[in-house]
Amino acid sequence: MKFQNTLTGQKEPFVPHQEGKVKLYVCGITAYDYCHLGHARAAVVFDVLVRFLRFSGYEVLFIRNFTDVDDKIINRGKESNLSSQEVAERFIAAYYEDMERLGVLPADVEPRATEHIQVMQDLIQKLIDTGHAYATPAGDVYFRVRSFPDYGRLSGRNIEELKSGVRIEPGEDKEDPLDFALWKKAGPDVPSWPSPWGDGRPGWHIECSAMSEKYLGLPLDIHGGGQDLAFPHHENERAQSEAASGKTFVRYWLHNGFVRVNQEKMAKSLGNFITIRDIMQEYLPEVLRFFLLGKHYRSPLDFTWERLQESERGFKRLLETAWQTGQALENQKWSATDLPEEIDREFRTAAGLWRESLEDDLNTAAALGHLFSMNRLINRILDQKKWRKSQQAGEIFSAFLDELETLGRILGLPFADPERVLSSLRKSRADRKNIDPAEVEKLIAKRQKARQDKNFEQADLIRNRLVQMGVALRDTPSGPVWEVE
RNA sequence: GGCGGCAUAGCCAAGUGGUAAGGCAGAGGUCUGCAAAACCUCCAUUCUCCGGUUCGAAUCCGGAUGCCGCCUCCA
């Protein structure tokens with residue numbers, strides 16, 4: 001397995017610190033609003049990482065935190081007359097709903113900042129004791145950036161160049177403009193906790209340092225998050241943890257790229273965000289997931305509704321074949337006919353390649369490409385009557401369903417259950433176009449009758465009407481099947 | 001301004017030295033009462049541009065152009 005490591009800028013072989021075990025920490029959300037597609041991408045990408053590591057035989061301990069105390073949460077509370085805690089609870093609950101529908105598995109521990117105040121204070125104290133932090137008379141505590149010579153390495157920044165760009169907020173009492181807050185003194189109407197430095201609340205970065213060390217111990221093998229967290233958040237985490245412990249904090253830093261809209265980063269501040277819920281009103285969560293995995297996790301991913309629609313088509317194609325394969329496997333008497341040697345060989349090749357792709361920095365896009373290759377081979381066999389009934393075909397069908405099941409489990413896509421998903425897909429599409437299934441069924445029955453009477457003119461008339469509604473008909477040996485285009 | 005990333009067909013996208021995966025869309029064919037789906041065939045002598053290294057480059061190096069991101073909260 002190889003990963004592109006942000007710290008070194010290189011693709012490196014993955015060797016966990018302890019053989020066979022992976023300690024993984026991913027930055028979760030700040031709970032002050034509904035999750036948008038950017039959050040969905042990060043969640044899905046690292047979910048696939050965990051699933052694949054486990055599939056590969058690693059024992060993974062996976063932590064993903066919730067930031068439940070923060071200025072944005074506080075402001076949100078003030079706007080809506082809720083306490084910080086109420087705001088956080090509400091959006092954490094929404095997060096769980098969204099993630100469950102997206103098929104994102106929970107982490108092993110999902111710690112919240114407010115439940116780890118003591119751990120953070122201990123870490124802050126340690127930093128003060130070792131000269132890496134200082135408390136101001138006003139009651140803030142800052143990290144002394146210049147006490148950590150390696151500062152800037154993760155994000156490729158030079159401390160002297162950083163200095164010129166730093167802003168100092170009024171009221172701050174830093175030794176150096178670069179220093180960042182570990183503890184913020186209490187203010188009016190703001191949640192606070194007692195501390196040796198006076199009442200206050202933790203700075204943002206300290207929670208990840210404290211909680212990751214508490215649950216995983218150092219060094220972590222992998223730390224993940226969105227690209228925008230690399231600086232300053234991860235840089236600061238690294239400074240805190242390494243300064244306090246003297247140990248390596250993280251061995252492999254993984255950062256996912258942004259979801260973009262009109263060539264721009266999707267972000268709250270730009271107002272161009274689409275929530276997971278917005279998407280799920282129109283499309284199946286599985287389709288969204290399939291879309292998100294269609295591009296390598298580090299690259300920017302441009303969102304448009306058209307592309308989501310394309311993803312749905314591709315996803316459906318795979319499901320149709322999976323369903324057909326299951327059908328073929330159920331009710332055939334196998335013959336001894338041989339398949340052309342090249343089909344068998346091509347299938348085996350493609351079947352081995354998806355795993356290699358995932359091992360190469362989690363290349364889900366390439367893995368899906370190989371799946372489509374297998375898919376076409378299967379369709380080729382299915383298409384030829386004498387082939388589909390051969391003993392050898394049966395073996396390949398079984399192998400294909402196994403591959404689908406396995407890859408589906410890793411990618412979190414329900415290839416193993418095509419019938420259910422195809423039916424949800426039909427319903428989802430029908431809802432999108434406000435089509436009433438009962439009416440469609442009625443028209444189809446009428447058309448079937450006309451067809452039986454060989455009244456094709458009438459039958460075609462009905463079909464045209466359906467087409468105008470957006471319904472496509474397909475006559476199969478087992479009767480007509482309809483779907484929404 | 002500093003640092004980083006990206007540029008592959010109509011659209012999307014994989015591909016880090018050996019001669020361009022895959023998907024969507026499109027054209028023709030097979031199948032079909034006709035369709036649809038599926039299958040077959042076709043669809044980039046070429047990877048933004050200009051130089052260089054090499055027997056050989058989309059892939060490495062130098063330069064140019066364009067787009068994006070971080071440098072302030074952000075997945």
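Computed from heavy atoms alone, side chains included, the values below leave out hydrogens, waters and symmetry copies. Protein chains get the first letters and strands the later ones, always in sequence-line order, with residue 1 at the start of each. Everything quoted here is computed from the prediction, not taken from an experiment.
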Problem - Whole-Å distance separating the CG atom of A:L270 from the P atom of B:rA75 - result: 13 Å

Problem - Per A:R376 side chain, nearest of listed nucleotides B:rA14, B:rG22, B:rA75 - result: B:rG22

Handout entry: Pairwise C1' distance, B:rC50 and B:rC43 [rounded to whole Å]
Key = 30 Å

Handout entry: Contact under 4.0 Å: A:R474 side-chain N or O vs B:rA35 OP1/OP2
Key = no

Show me, pair by pair, the donor-acceptor contacts under 3.5 angstrom made by side chains of residues 462-472 of chain A, not counting sequence neighbours?
unit_1 : atom_1 : unit_2 : atom_2 : d
A:N464 : ND2    : A:D460 : O      : 3.4

Problem - A:R146 NZ/CZ over A:Y151 ring centroid, <6.0 Å and within 45° of normal - result: no

Practice task
For B:rA13 versus B:rU19, give the span between their P atoms, rounded off to a whole number of Å.
Solution key: 25 Å

Completion exercise
Paired to B:rG51 by Watson-Crick or G-U wobble criteria (both distances under 3.5 Å) is B:rC61

Practice task
Not counting sequence neighbours, which residues clear side chain to side chain donor-acceptor pair (under 3.5 Å) with A:K78? List them please.
Solution key: none

Listing time: all N or O pairs from protein to nucleotides 3-10 of chain B that are below 3.5 Å?
unit_1 : atom_1 : unit_2 : atom_2 : d
B:rC3  : O2'    : A:G156 : O      : 2.9

Practice task
Take atom P in B:rU59 and the same atom in B:rA9, then report the distance between them in whole Å.
Solution key: 15 Å

Problem - Separation of B:rG23 P from A:L319 CG (nearest whole Å) - result: 15 Å

Practice task
Just call it for A:G257: base, sugar-phosphate, or nothing, with non-hydrogen atoms closer than 4.0 Å on any strand.
Solution key: base

Completion exercise
Taken to the nearest whole Å, CG/A:D383 to C1'/B:rA36 is 14 Å

Problem - Euclidean distance for P, B:rA75 against B:rG66 (whole angstrom) - result: 32 Å

Practice task
Take atom C1' in B:rC49 and the same atom in B:rA57, then report the distance between them in whole Å.
Solution key: 16 Å

Exercise for the section: Without swapping roles, check the side chain of A:D68 against the backbone of A:Q85 for a donor-acceptor pair under 3.5 Å. Expected result: no

Handout entry: Residue matched to B:rC3 through Watson-Crick or wobble contacts both under 3.5 angstrom
Key = B:rG69

Exercise for the section: Evaluate whether atom CD of A:E342 has more than 12 neighbouring non-hydrogen atoms of other residues, nucleotides or ligands under 6.0 angstrom away. Expected result: yes

Exercise for the section: Please determine if A:R64 forms a cation-pi arrangement with A:F46, meaning its NZ or CZ atom is less than 6.0 Å from the six-membered ring centre and no more than 45° off the ring axis. Expected result: no

Handout entry: Side-chain donor or acceptor of A:E483 paired with backbone N/O of A:L473 under 3.5 Å
Key = no

Exercise for the section: For A:A267 and for A:N262, locate the closest nucleotide of RNA chain B by heavy-atom distance; then report the residue assigned to the nucleotide nearer the 5' terminus. Expected result: A:N262

Handout entry: Listed partners of A:E441 passing side chain to side chain donor-acceptor pair (under 3.5 Å), at least two apart
Key = A:W482

Practice task
Mind calculating the distance between NE2 (A:H233) and P (B:rG69) to the nearest angstrom?
Solution key: 21 Å

Practice task
Report the base-pairing partner of B:rA14 (Watson-Crick or G-U wobble, both distances below 3.5 angstrom), or none.
Solution key: none

Exercise for the section: Looking at every strand, decide which applies to A:K454 at a 4.0 Å heavy-atom threshold: base, sugar-phosphate, or nothing. Expected result: nothing

Handout entry: side chain to side chain donor-acceptor pair (under 3.5 Å) involving A:Q448 - partner list, sequence neighbours excluded
Key = A:R451

Completion exercise
Checking N1-N3 plus N6-O4 or O6-N4 for Watson-Crick, or N1-O2 and O6-N3 for wobble, each under 3.5 Å, the partner of B:rC39 is B:rG29

Exercise for the section: Report yes or no: is there a donor-acceptor pair, N or O only, under 3.5 Å between the side chain of A:D228 and the base of B:rG69? Expected result: no

Completion exercise
To the nearest angstrom, the CD-C1' distance between A:E346 and B:rC40 comes to 14 Å

Problem - Non-neighbouring partners of A:Y95 that pass ring-ring contact (aromatic ring centres under 6.0 Å, His included), sequence neighbours left out - result: A:F66

Exercise for the section: Under 4.0 Å from any atom of RNA chain B, heavy atoms only: list the residues of residues 96-108 of chain A that qualify, in numerical order. Expected result: none

Problem - Atom P, compared across B:rG33 and B:rA27: separation rounded to whole Å - result: 24 Å

Handout entry: Any A:N363 side-chain nitrogen or oxygen under 4.0 Å from OP1 or OP2 of B:rA14
Key = no

Exercise for the section: For A:F372, report the nucleic acid contact type (base, sugar-phosphate, nothing); a contact means any heavy atom under 4.0 Å. Expected result: sugar-phosphate

Practice task
Taking atom CG of A:D453 as the centre, report whether more than 12 heavy atoms of other residues, nucleotides or ligands fall under 6.0 Å from it.
Solution key: yes

Practice task
Could you state the atom-to-atom distance from CD of A:E320 to P of B:rA38 in whole Å?
Solution key: 7 Å

Practice task
Could you tell me the separation between the CG atom of A:L473 and the P atom of B:rG33, rounded to a whole number of Å?
Solution key: 15 Å

Practice task
Can you check whether any acceptor in the base of B:rC34 is under 3.5 Å from a donor in the side chain of A:D475, or vice versa?
Solution key: yes

Problem - Proximal nucleotide (of B:rA14, B:rG22, B:rC67) relative to the A:Q263 side chain - result: B:rC67

Fill in the blank from the handout: Residues passing the ring-ring contact (aromatic ring centres under 6.0 Å, His included) test with A:F397, sequence neighbours excluded, are none

Handout entry: Any residue meeting side-chain contact (heavy atoms from CB on, under 4.5 Å) with A:R348, in chain and number order, not counting sequence neighbours
Key = A:D344

Practice task
Using a 4.0 Å heavy-atom cut-off across all strands, classify A:N379 as base, sugar-phosphate, or nothing.
Solution key: sugar-phosphate

Problem - Set of residues satisfying salt bridge (charged side-chain N to carboxylate O under 4.0 Å, His left out) with respect to A:K446, sequence neighbours excluded - result: none

Practice task
Would you indicate, yes or no, if B:rC39 has its OP1 or OP2 atom less than 4.0 angstrom from a side-chain nitrogen or oxygen of A:R317?
Solution key: yes

Handout entry: Rounded P spacing from B:rU45 to B:rA38 in Å
Key = 28 Å

Exercise for the section: Pull out every residue in residues 35-52 of chain A that has a heavy atom closer than 4.0 Å to any atom of RNA chain B, ordered by number, or say none. Expected result: A:H36, A:G38, A:H39, A:A42

Problem - Pairwise 5' ranking along RNA chain B for A:F231 and A:R463, keeping only the more 5' one - result: A:R463

Problem - Separation of the C1' atoms in B:rC60 and B:rG18, to the nearest angstrom - result: 14 Å

Problem - Nearest-nucleotide pick for A:R380, side chain only, options being B:rC40, B:rC34, B:rA13 - result: B:rC40

Review item, side-chain donor-acceptor pairs of residues 369-384 of chain A, under 3.5 Å, at least two apart:
unit_1 : atom_1 : unit_2 : atom_2 : d
A:H370 : NE2    : A:S357 : OG     : 3.3
A:S373 : OG     : A:G369 : O      : 3.2
A:N375 : OD1    : A:T321 : OG1    : 3.2
A:N375 : ND2    : A:T321 : OG1    : 3.1
A:N379 : OD1    : A:T321 : OG1    : 3.3
A:N379 : ND2    : A:T321 : OG1    : 3.1

Handout entry: Nucleotide B:rA38, atom C1' - distance to CG of A:L318 in whole Å
Key = 14 Å

Exercise for the section: Give none if B:rU45 has no partner; otherwise give the nucleotide forming a Watson-Crick or G-U wobble pair with it, both distances under 3.5 Å. Expected result: none

Problem - Short side-chain N/O contact to B:rC70 OP1/OP2 from A:K265, under 4.0 Å - result: yes

Exercise for the section: Pick base, sugar-phosphate or nothing for A:R447, based on heavy-atom distances below 4.0 Å to the nucleic acid. Expected result: base

